[in-house]
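The figures here come from the full heavy-atom set of this structure, side chains too, leaving out hydrogens, waters and symmetry mates.
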Amino acid sequence: MTNSRVGLVPMLRCTIRSAAALLAGGVLLASTLTASAQQSGDQKPPEQAQGEQKPDDQKAAEQAKAEQQAQQKAIDEYKEAAEKLTSSAGAPECVWTGRRIESLLWRDDIDTARRYIDLYDRFGCSSEHLKLAFRCIIQQGPIDPKAADKLASRVHNCWIAPEEATTASTQATTGATTKEGTIPN
């Protein structure tokens, strides 16, 4: 009887291992079939898939297009600065750093602006242009704090041509105050 037990234990182990392997294979096969059935159920016929896009795809495409336009706009602004400014203020690193300094100063973030000024000086950028551009921004009057795009536009315009923007805003202010007639209440 001892001989039969010895043969029975390895055979039982082999049977249990085989059953476990078959069970694991069955579970794996069932999960694969379920996943492929769900994917094929979500697919549309080729003529429908080409005719209409999912809203998520359209949003992603519009967002990618908007990002590309923003990148192109930034590149164009740097090219414009390089063409119009003959001093070191037209260099891309000076434009990037200088515009950030102007924005930070406008928002009263003096400590951060001071750190950027150190970087601006290290690039060898024109400190006189920095002063002129900030003067231009200040002379045009207050901006709504929630309108970040207006501040960015003003900073860019004053960076490109600080004297022209200042002259134009001064003429507009002078013209408004020297009009003849009665002053409205």
Hey, does [Y] have a side-chain heavy atom less than 4.5 Å from the side chain of [X]?
| X | Y | result |
| --- | --- | --- |
| Glu67 | Gln63 | yes |
| Val95 | Glu77 | no |
| Trp159 | Leu130 | yes |
| Ile160 | His156 | yes |
| His129 | Pro162 | yes |

ask   = Between Tyr120 and Arg114, is there a cation-pi geometry (under 6.0 Å to ring centre, at most 45° from the normal)?
value =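 No cation-pi geometry.
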Looking only at heavy atoms, which two atoms of [X] and [Y] are closest? And how far apart?
| X | Y | answer |
| --- | --- | --- |
| Glu102 | Ala133 | OE2-CB, 3.7 Å |
| Ala113 | Leu105 | CB-CD2, 3.7 Å |
| Lys150 | Ile143 | CB-CG2, 4.1 Å |
| Ser88 | Ser126 | OG-N, 3.1 Å |

inquiry  = Lys84: which residues meet the side-chain hydrogen bond (donor to acceptor under 3.5 Å, both in side chains) condition with it, sequence neighbours left out?
reply    =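 Only Glu80 meet the side-chain hydrogen bond (donor to acceptor under 3.5 Å, both in side chains) criterion with Lys84.
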task = Could you go through the side-chain contact (heavy atoms from CB on, under 4.5 Å) check for Asp118 and Arg122 one step at a time?
result = CA-CA 6 Å; Asp118 291 341; Arg122 184 164 294 167; over 6 Å; no
ask   = Say you draw a straight line from SG of Cys125 to CD1 of Ile117; how long is it, rounded to the nearest 0.5 Å?
value =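 Cys125 SG to Ile117 CD1: 11.5 Å, rounded to 0.5 Å.
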Spacing of Gln140 atom CD and Cys158 atom SG [to the nearest 0.5 Å] =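 So the gap between those two atoms works out to 4.0 Å.
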request  = Take Leu151 and Arg107 through the side-chain contact (heavy atoms from CB on, under 4.5 Å) test and state the conclusion after the steps.
outcome  = CA-CA 10 Å; Leu151 175 60; Arg107 287 181 264 143; 3.9 Å; yes
